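Input: a single structure, listed below in structure tokens.
The model shown is predicted, which means the values in this text are computed figures rather than measured ones. Only this structure's heavy atoms are used, side chains among them; waters, hydrogens and symmetry mates stay out. First the proteins, then the strands, lettered A, B, ... as listed; each starts at 1.
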Amino acid sequence: MNPKRCAACRYLRRRCPKDCVFSPYFPPNNPEKFACVHRIYGAGNVSKMLQQLPVQTRAEVVESLCFEATCRIEDPVYGCVGIISLLQTQIQKTENLLARTQAEIAVAQTKHSQNQHSEFM
Amino acid sequence: MASSSSSNTYNSPCAACKFLRRKCMPGCIFAPYFPPEEPHKFANVHKIFGASNVTKLLNELLPHQREDAVNSLAYEAEARVRDPVYGCVGAISYLQRQVHRLQKELDAANADLVHYGLSTSTPGNVVDLVFQPQPLPLQPLNPVYRLSGASPVMTQQPRGTGGSYGTFLPWNNGHDQQGGNM
């Protein structure tokens, strides 16, 4: 048993075994991290997800779950999908702006070459 | 036999109750959002979030918010099933990089425009030629989302207001909430 329980086992009020699937990713000094993930996904689902993946990917999995869970707590209706929507809107607006700017550049280039041509005449 | 709009006493059970192998009772919280024709929708949501967590989430929301909440949960669940490591966060990272790339292109284009403006127009109207991005409601997650240890940076995020992302919801196919097209 781990001398100090991980945040997950502490939250779940159970012993923290040596091979606890949560302990590498939920240190005892950050209890909010597990609380947040547990609230949205549940300990059982997180455990299943981690066990189905190679060990070297699990840290990233936990971080992404934590991010999504935090987004969902902040915005219970849209979660992180709200961020995706806003980014897509931003991309579309920037693309439109870029197209306008490039069109203006084309006009300016044409004027510039016309001016140069008239200087030689 | 009378049936209410959300009951399934006569019709087939909703996808959730079918999946859970239980009777779909009148007033089933899942029935309006998980039609029997879309079994994969509930299957994904159940796999990632679990039925009881979804019930809890929906019970904390007003009825008019629940459809969007279910659709966003289904979207996240599907993303997580497709990419078990990064889920939706993979999409966010990708979009952030696109925003960054486009901003750089726009900055370069504006610099070109200033160059042509200086050589073709009088100083007074150079400023008019340069397109500045309009202020956007959300700053990009800055820097690009870090997957180790970063807490999400969300500025000006409305808290559970619903309907604030009306312009572009992934399940609307580019139609905004007011019914217009993108």
- Side chain, backbone, both or neither of A/I91 within contact of chain B (heavy atoms, under 4.5 Å): both
- Between B/A91 and chain A, which part of the residue has a heavy atom less than 4.5 Å away: side chain, backbone, both or neither? side chain
- Message: Quick check on the interface: out of B/R80, B/E60, B/K56, who has the most heavy-atom pairs with chain A under 4.5 Å?
- Response: B/R80
- Query: Taking only residues two or more places apart in sequence or in another chain, which ones pass side-chain hydrogen bond (donor to acceptor under 3.5 Å, both in side chains) with B/K41?
  - Reply: B/N71
- Query: Quick one: what part of B/L57 sits under 4.5 Å from any heavy atom of chain A, side chain, backbone, both or neither?
  - Reply: side chain
- Taking only residues two or more places apart in sequence or in another chain, which ones pass side-chain hydrogen bond (donor to acceptor under 3.5 Å, both in side chains) with A/Q114? none
- By side-chain hydrogen bond (donor to acceptor under 3.5 Å, both in side chains), A/R14 pairs with (sequence neighbours left out) none
- Message: What I want to check is whether the side chains of A/R5 and A/S23 have a donor and an acceptor closer together than 3.5 Å.
- Response: no
- Query: How would you list, in number order, the residues of residues 36-43 of chain A that have a heavy atom less than 4.5 Å from chain B?
  - Reply: A/R39, A/I40, A/Y41, A/G42
- Query: Salt bridge or not for A/R72 and A/E68, using N-O below 4.0 Å?
  - Reply: no
- Task: Please state whether the side chain, the backbone, both or neither of B/R66 comes within less than 4.5 Å of a heavy atom of chain A.
- Result: neither
- Query: Does a salt bridge link B/E105 with B/R101, judged by any charged N lying under 4.0 Å from a carboxylate O?
  - Reply: yes
- Query: Will you find, in the side chains of B/Q103 and B/D107, an N or O donor that is under 3.5 Å from an N or O acceptor?
  - Reply: yes
- Task: Considering only NZ, NE, NH1 and NH2 on the basic side and carboxylate oxygens on the acidic side, decide whether A/E104 and A/K111 come within less than 4.0 Å.
- Result: no
